[in-house]
Amino acid sequence: MTAQPNTKLIGQAVSRVDGRLKVTGQADYAADYHFPGMAWAFAIKSTIGKGQLSGIDTSAAEKSSGVIKIYTAQNRPKMYPPKKEQSGGVIVSEQLAPLAGNEIHYYGQDVAYVIAKTYEQARQAASLVKVSYTPGKPIMTKEETKLKAPPEVNGLDPHLEKKASGVASVDSAWTSSPVKVDATYQTPFVHHHPMEPHAVVAKWDDDRLTFYTPTQWMVGSRNFLAKSLGISDDHVRVVSHFLGGGFGCKGSSWMYMLMIAAAARDLKQPVKFVMERENMFTSVGYRPFTTQHLLIGAQTDGKLTALRHLSETSASDVGHFVEGTGHASSYVLYDCPNIELDHQVYDLSLGAPTFMRAPGESPGIYALEAAMDEMAVALKMDPVEFRLKNMTQEHPFTKLPFSSRNLEECYRVAGESFGWSARKAEPGSTTDGDWLVGWGMATASYPAHRSPAKARVRILADGTAEVLSATQDLGTGTYTIIAQEAADELGLPIEKVKVKIGDSSFPEAPVSGGSQSAGSVLPAVRGAARTALAQLSQLAIDDEHSALKGLKPEDIVVGNGSLQAKSDPGRVETFAAILARSGHGAIEGNDSVDPAAEKKQAKSESTAEKVFSPSTTAYQSFGAFFVEVRVHKLTCEVRVSRVVTAMDIGQPLNLKTARSQVIGGAVFGIGAALTEHSILDAEQGRWLTHDLGTYHVPVHADVPEIDVHFVGPPDYKFNPMGARGVGEIGNTGLAAAIGSAVFHATGVRVRELPITPDKILTGMLAQAKSQAV
Amino acid sequence: MTPKPTPPTLDRRSFLKGLGTSAVAVATVQVGAMADELNKASALPTPQGPAAVPVSLTINGEKKDFQLEPRVTLLDALRNFSTLTGTKEVCDRGTCGACSVLLDGKLTYACMKLAIEVQGHDIRTIEGIAQNGQLTPVQQAFVECDALMCGFCTPGFVMAATSLLESNPKPTEDEVRRACSGNLCRCGTYPNIIKAVMKASGAPLPETNEVIRYGSLA
């Protein structure tokens with residue numbers, strides 16, 4: 001049985017199927033749920049950066065109106081927080097159990113929770129709780145602590161190197177290189193700040209928990225809650241039909257979730273908790289501070305001879321996440337005979353860091369690409385020409401061939417669209433009134449991942465269909481691409497396919513991290529749709545009264561909600577009619593796709609080429625950013641005036657949503673380059689940026705038109721859709737391109753993000769001074 | 001809810017004054033407004049609260065009666081004391097615009113208003129924009145231009161865009177930017193929001209730039 005040609009929705013610019021709900025305020029997010037008798041929780045946070053809790057006086061708060069209970073370390077509800085951060089389908093970034101004891105590890109650590117009848121009453125009572133401390137000295141800088149090698153970086157050894165034969169060390173190869181760059185880059189702490197705050201509504205019905213929370217992994221959050229509440233995982237249902245963004249901070253299960261679930265069990269009433277924006281700085285992760293030392297050597301013709309990427313990144317003694325910078329950039333981008341990666345971490349008195357959109361790649365590619373631009377300048381080569389000298393069709397370390405790599409085409413398409421060939425090499429060569437105009441470019445890249453996923457497709461009595469999977473839509477467009485895929489397979493108009501996701505009771509799907517959801521879940525949707533159709537087809541074949549009676553399955557095609565004979569379009573049966581005559585209310589097809597098993601299942605040499613095989617193939621997306629900035633010659637304010645990008649992500653599943661993902665990633669890149677910076681008070685150990693007024697995410701005025709191109713063929717070696725995922729690659733490369741453009745405009749090289757006017761001004765003053773001498 | 005004794009450290013008057021200042025102090029430029037607010041609070045003949053009091057609001061043309069403590073914001077009244085959860089809470093500090101509503105037709109942050117002070121005013125929320133299930137041109141254009149991703153800032157942007165087009169039906173792109181300058185989007189939909197508002201205003205849109213060129217190397 002085959003779908004009719006020329007009806008494919010996959011790949012087209014289909015409007016979001018959930019768009020209507022979102023523009024009318026009808027989309028139901030976790031914190032929109034209310035239940036009779038529901039209480040509110042309010043968290044009380046430590047106000048010291050390190051030390052001991054010496055006392056909590058709740059007497060005044062207990063008497064405050066509406067208070068139901070105040071939880072402290074003394075009366076913590078029953079729970080079993082996991083000891084291990086990552087085991088059995090659970091991801092936990094911060095190991096510190098809620099209200100675990102008197103030791104304070106960081107500013108903003110939970111010390112008590114007030115439960116009251118209303119939000120206002122809980123907040124009021126929280127203000128009456130008196131907490132006393134014996135403060136210690138928080139460790140806030142690298143200099144106060146020790147560097148150490150983490151157990152692993154992105155699953156690899158923290159120190160990796162490859163050398164050409166006869167080369168003593170990568171360092172010696174660098175030292176003897178004719179042209180050298182030696183530069184150190186810093187990227188600051190940054191925070192995710194999805195618009196939707198973390199939130200929980202926990203509701204128990206006897207010993208069963210329904211838990212509304214925005215999570216990037218329904219199944220992982222369910223597993224975490226079941227384990228740490230000591231109940232069966234089929235007694236926990238995690239629901240979040242919509243997420244108001246995630247960007248990584250909703251990828252882990254956080255202990256506040258456990259706290260609220262345990263409190264609701266203890267109090268025998270539903271409890272709601274919505275995290276204060278201020279606590280989104282302290283309590284749900286951030287991107288670590290990175291310092292990256294890049295040493296690049298090249299021949300005078302631009303061929304790379306040595307690349308050393310030495311990283312030091314902040315960590316926390318209550319977490320384990322490592323921002324794998326060099327291992328996510330210099331590891332994979334360019335051909336170079338001698339490469340050394342080294343990674344060390346240092347623990348600060350902060351809550352745990354966690355994955356943030358393109359973890360590792362974002363700061364790692366920033367530093368590598370900034371250094372590559374410095375090398376192009378040192379070589380007096382065009383930055384694109386220099387990169388083109390160092391292309392590779394195989395992974396530089398593993399030597400595995402890339403499944404599909406079209407970076408040269410990305411440079412060409414984006415460069416032509418941008419008009420790069422008109423670039424004057426000399427910095428400061430273009431002005432527009434008081435504005436210095438600069439152009440820069442950089443490479444973008446992100447690996448492609450797949451994980452096991454399941455889906456169920458049901459064809460219903462009225463001839464419509466529904467698709468169920470415990471995956472989630474963070475705003476990426478998961479609802480829409482699933483509807484497109486199912487509609488294509490079932491030959492139904494998209495309006496007749498209802499997608500049900502965001503519920504852990506549906507067939508299991510992986511965490512929406514690593515840009516893997518589309519590539520993992522859609523093959524299962526396709527398989528489930530085909531299974532359902534095969535059953536429906538069999539019903540029609542076996543049915544005495546069917547126009548399709550006695551046909552072979554391969555002689556039947558599907559379209560317009562009907563099955564018909566391939567050879568005779570007059571022999572047709574609607575889904576509804578087949579079901580009605582069969583007496584079945586619905587037909588159900590399930591599929592479970594384990595990418596690791598695909599190679600074993602491949603039947604022939606020709607199909608073996610088209611199966612996922614990470615042991616023999618490298619899967620990596622590449623792209624290019626070209627950008628124009630304007631720097632005011634007096635105020636040093638930077639405006640991004642043009643962005644052009646070309647991305648090779650295989651097949652874009654939906655041109656609208658894929659384009660939006662790239663735009664969104666680019667806007668993250670503009671923020672990283674120019675505005676975003678979480679600032680610490682090194683004495684107190686607290687975040688000075690504590691709201692969206694002090695932490696500057698890009699706003700309308702910061703974002704120009706962003707011109708997005710997709711290049712390269714579908715990558716059928718990766719999955720049957722040929723799609724490698726697009727959520728994160730947009731947040732790689734642009735920050736470096738902006739830094740290079742600022743250099744091109746001003747001649748000032750800022751190596752510490754964000755590139756704020758003070759840093760440019762300092763460089764311009766130094767420049768003026770040296771010219772005056 | 002039974003009235004509770006006045007909190008020990010506050011008399012009713014200073015409690016009300018506190019309400020006025022905390023609600024306004026965060027709105028940075030409104031020094032004059034703060035003084036007005038204090039005067040207004042002092043001049044009230046009957047102090048209200050701190051226990052819940054009857055509050056009557058006109059929301060989307062419909063009168064709704066609440067029992068609210070005077071400290072409940074308009075945002076929390078909508079979200080927590082009625083079923084109008086389309087208005088979103090993001091910052092609760094007047095910095096993001098996600099809770100935007102129209103108050104007597106004027107774009108207003110609902111987190112910056114107490115419910116009790118908007119009695120007698122006409123409140124329009126995102127739920128009151130589409131009429132009889134028909135999306136407005138703004139809503140339709142947001143969907144078609146993909147001017148939303150996660151959707152959490154979207155109600156606020158739809159309100160801001162609606163407010164703009166009601167007062168300025170043919171805005172320029174810069175006017176759209178300015179009108180939406182009080183709204184944050186973390187997914188980065190800004191370029192598509194401009195397209196959507198321009199489209200809703202009837203302006204001709206240039207072709208989108210997305211280009212598929214696969215096959216050129218295969």
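Below, chain A is the first sequence line, B the second, and so on; all start at residue 1.
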Between A:Glu196 and B:Arg186, does the side chain to side chain contact (heavy atoms under 4.5 Å, CB included) criterion hold? Intermediate values first, please.
CA-CA 10 Å; A:Glu196 179 195 32; B:Arg186 186 54 158 161; over 6 Å; no
Checking [X] against chain B: side chain, backbone, both or neither under 4.5 Å from a heavy atom?
X	answer
A:Leu474	backbone
A:Pro698	both
A:Ala658	neither
A:Tyr695	side chain
A:Thr657	both
A:Glu120	both

Any idea which of [options] has the most non-hydrogen atom pairs under 4.5 angstrom with chain A?
options	result
B:Cys180, B:Cys145, B:Ala130	B:Cys180
B:Thr83, B:Thr154, B:Leu184	B:Leu184
B:Leu148, B:Thr73, B:Val138	B:Leu148

If you take all heavy atoms of [X] and [Y], which pair is closest and at what distance?
X	Y	value
B:Arg71	A:Ser65	NH2-OG, 4.4 Å
B:Cys150	A:Gly245	CB-N, 3.2 Å
A:Pro197	B:Val90	CG-O, 4.0 Å

Run the side chain to side chain contact (heavy atoms under 4.5 Å, CB included) check on B:Lys88 and A:Asp32 step by step: do they pass?
CA-CA 9 Å; B:Lys88 295 300 180 215; A:Asp32 298 341; 2.7 Å; yes
From [X] atom [atom1] to [Y] atom [atom2], the distance as rounded to the nearest 0.5 Å:
X	Y	atom1	atom2	answer
B:Cys91	A:Arg277	SG	CZ	7.5 Å
B:Tyr190	A:Ile706	OH	CD1	11.0 Å
B:Ile194	A:His700	CD1	NE2	5.0 Å
A:Leu243	B:Met149	CG	CE	15.0 Å
A:Tyr119	B:Glu69	OH	CD	12.5 Å

More than 12 non-hydrogen atoms from neighbouring residues, nucleotides or ligands closer than 6.0 Å to CZ on A:Arg639, yes or no?
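Yes, because the 6.0 Å sphere around CZ of A:Arg639 holds more than 12 heavy atoms from other groups.
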Is the shortest side-chain heavy-atom distance between B:Arg93 and A:Glu276 below 4.5 Å?
yes
Counting C-beta onward and ignoring hydrogens, is there a side-chain heavy-atom pair between A:Val699 and B:Ser181 closer than 4.5 Å?
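No, every pair of side-chain atoms sits at 4.5 Å or beyond.
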If we check salt bridge (Lys or Arg N to Asp or Glu O under 4.0 Å) with B:Asp146, which of these qualifies: A:Lys22, A:Arg16, A:Arg659, A:Lys656?
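So, applying the salt bridge (Lys or Arg N to Asp or Glu O under 4.0 Å) to B:Asp146 and each of A:Lys22, A:Arg16, A:Arg659, A:Lys656, only A:Arg16 qualifies.
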Structural part of [X] lying under 4.5 Å from a heavy atom of chain A:
X	answer
B:Thr85	both
B:Asn80	both
B:Asp92	side chain
B:Asp174	neither
B:Ile129	neither

Considering heavy atoms only, which positions within residues 156-167 of chain B lie below 4.5 Å of chain A?
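B:Phe157, B:Val158 fall under the 4.5 Å cut-off.
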With no hydrogens and no angle check, is any side-chain donor or acceptor of [X] less than 3.5 Å from a backbone partner on [Y]?
X	Y	answer
B:Gln139	A:Val23	yes
A:Arg20	B:Leu135	no
A:His34	B:Phe81	no

How would you list, by chain and number, every residue that makes a ring pair (Phe, Tyr, Trp, His ring centres under 6.0 Å) with B:Phe142, sequence neighbours excluded?
none
Who are the ring pair (Phe, Tyr, Trp, His ring centres under 6.0 Å) partners of A:Tyr479, not counting sequence neighbours?
A:Phe242
Which residue out of A:Gln661, A:His192, A:Lys272 racks up the most heavy-atom pairs below 4.5 Å with chain B?
A:His192
For A:Ser660 and B:Asn192, run side chain to side chain donor-acceptor pair (under 3.5 Å): C-alpha distance rounded to whole Å, both residues' side-chain angles, the deciding distance at 0.1 Å, then the answer.
CA-CA 8 Å; A:Ser660 287; B:Asn192 290 352; 3.2 Å; yes
In terms of relative ring orientation, are B:Phe152 and A:Tyr29 parallel, tilted or perpendicular, with 30° and 60° separating the classes?
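Aromatic pair B:Phe152/A:Tyr29 classed perpendicular.
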Those residues that, when tested against B:Glu127, pass salt bridge (charged side-chain N to carboxylate O under 4.0 Å, His left out) (two or more places apart)
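Once residues adjacent in sequence are excluded, B:Glu127 has no partner under the salt bridge (charged side-chain N to carboxylate O under 4.0 Å, His left out) criterion.
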